[in-house]
Amino acid sequence: EILDAKGLHILPGAIDVHVHFRDPGYPNKEDWESGTAAAAFGGVTTVFDMPNTIPPTGNAEILAAKHKIAAEKAHVDFGLYGLLGEDTIDNVPDLVKGGVIGFKLYMGNTFGKIPSPSTGAMLEAFEVVAETGKRISLHAETNTIMERRQTRLTQAGRHDPLAHIASRPAVVAVEAVSRACILSEWTGARIHILHISSADELRPLREAKARGVDVTGETCPQYLFLSTDDYDRFAGVIRVNPPVREKENQEPIWSALADGTVDMIATDHAPHTPEEKTRNDIWAVDCGFPGVETQMPAMLTEVNAGRMSISDYVRWSAFNPARTWGLYPRKGAIQVGSDADIALVDLGHAWTIDDAKIQSRSKISPWHGRKVKGLPIHTIVRGRFVMRDRTLVPGTRGHGRSVHTIQEMPAPDVRNADKTMKAVTSSHRSAENAA
Ligand code: DOR
Ligand code: ZN
Ligand code: ZN
């Protein structure tokens, strides 16, 4: 197929290691078809889906059923997280055999009401997963602190949006990140800290990395671009766990991306319906908003503004996620042919995000009305166009496959990953110079 890509930049498709596609369980919020269509429109070629679906992805049968649903509907590739809870520790070996990308452990309560394991159960869970070599991704917020504060705030009659933040101050995350890192160091389990929201979490993360703990971290566009200053404008729509924080937190998180303390950008794409998001209840559980489709435009806007280079963006959106979960270089690099996962973007395209036009079923977000510069025009997943000229390509439903089936193919040599990446990014630069 001949394609005129004049004026476009070729990027490795983004790997979003943190989405909630709600299938099975909440078809009114999202399903594998709408969620992966949103991914395709966002230049995202691989997603890792969280286990807080109904039923939660906590045993091999449920996992197999979810793999089947996803394989039938997905436009892009995917990995499925297994739930690591107090009751599912014994299922770890079967979940690994069933092809989970890794495990998700909820240290704090959020949507889906998954019970948080005690520290004792966490230690045991870490020991068991360490044996498998899989990585544990953590929702690092300490339940006991949050519940206590939430009770106090409710007793004090607080029902304003800021009470949601007050119930989850950054120390809730700092305590959880520190504890997770200590347990990782003790057991040898690899871990990943999800949705880093505050400057305060960076210290325990930096210190753990300096001690040689195998820990990676992600942040999300909401913590880089939004803050408590936006609460008045968006009210309940901006409610997310962990909450967006005071503006002073943004610069330190950008710096932590630049110095490698925070390894990657994910979105925590968490669709809910407009009715749920605008309900006048600050303790409502419908936290989060869609993001998989707008992450790349939001970040490319910063590339255009000169905050970082395209290679920085590729490192955070594709290379580091791929390397962390053992997918590099099959994913996270520019390839041609049947392995190509590519986003072709118009870096100069200025536009305004409109919730009414997004693919996600959740047409409500704090991204609405945001002016951005940069737009994926075509998205290619394993050599096939799934989104072309801003249109979903017919017949690509079900093209997406689980990365564990890809991982089972002969292993590429990843020992020289950094060197290869340098070659990729420098060829990027020469392409830019030539353009
Ligand atoms: O805001 C959030 N929404 N945070 C989470 O941890 C869960 C997510 C969801 O599933 O809605
Ligand atoms: Zn979470
Ligand atoms: Zn999440």
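The analysis underlying the following values was restricted to heavy atoms, covering all of them including side chains, and did not include hydrogens, waters or symmetry mates. Both counts, for ligands and for their atoms, begin at 1 and track the order of listing.
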[atom1] of [X]: more than 12 outside heavy atoms within 6.0 angstrom?
X    : atom1 : answer
D232 : CG    : no
R279 : CZ    : yes
R148 : CZ    : no
W283 : CH2   : yes

Among R211, R190, K209, R179, which residue meets the salt bridge (Lys or Arg N to Asp or Glu O under 4.0 Å) test with E185?
-> R211
Determine, using heavy atoms of D268 and all atoms of ligand 1, whether some pair is separated by less than 4.0 Å.
-> yes
Determine, using heavy atoms of R239 and all atoms of ligand 1, whether some pair is separated by less than 4.0 Å.
-> no
Contact (N/O only, under 3.5 Å) between F111 and ligand 1 | no
Backbone or side-chain N or O of Y106 under 3.5 Å from ligand 1 N or O = no
May I ask you to check if any N/O/S atom from H139 comes under 2.8 Å of the Zn ion (ligand 2)?
-> yes
Would you mind running through ligand 1 and noting each atom that sits below 4.0 Å from a heavy atom of [X]?
X    : answer
G288 : 1 (O)
A270 : 3 (N), 8 (C), 9 (C), 11 (O)
H272 : 11 (O)
V240 : 1 (O)

Please confirm whether [X] and [Y] have ring centers closer than 6.0 angstrom.
X    : Y    : answer
W325 : F48  : yes
F111 : Y26  : yes
H75  : H399 : no
Y223 : W254 : no

Any idea which protein heavy atom is nearest [atom], and the distance to it?
atom                   : value
atom 4 (N) of ligand 1 : N241 O, 2.9 Å
atom 9 (C) of ligand 1 : R22 NH2, 3.4 Å
atom 3 (N) of ligand 1 : C287 O, 2.9 Å

Using a 4.0 Å heavy-atom cut-off, say whether H139 meets ligand 1 through its side chain, its backbone, both or neither.
-> side chain
Give the single entry among T110, I114, V285 that approaches atom 7 (C) of ligand 1 most closely by any heavy atom.
-> T110
Hey, what's the angle at the Zn ion (ligand 3) spanning NE2 (H18) and NE2 (H20), nearest 10 degrees?
-> 110°
In D268, which N, O or S atom comes closest to the Zn ion (ligand 3)?
-> OD1
If you measure from the Lys or Arg side-chain nitrogens to the Asp or Glu carboxylate oxygens, is any gap between D77 and K331 under 4.0 Å?
-> yes
Could you tell me which N, O or S atom of H195 is nearest to the Zn ion (ligand 2)?
-> NE2
Backbone of S198 reached by a side-chain donor or acceptor of E201 within 3.5 Å | yes
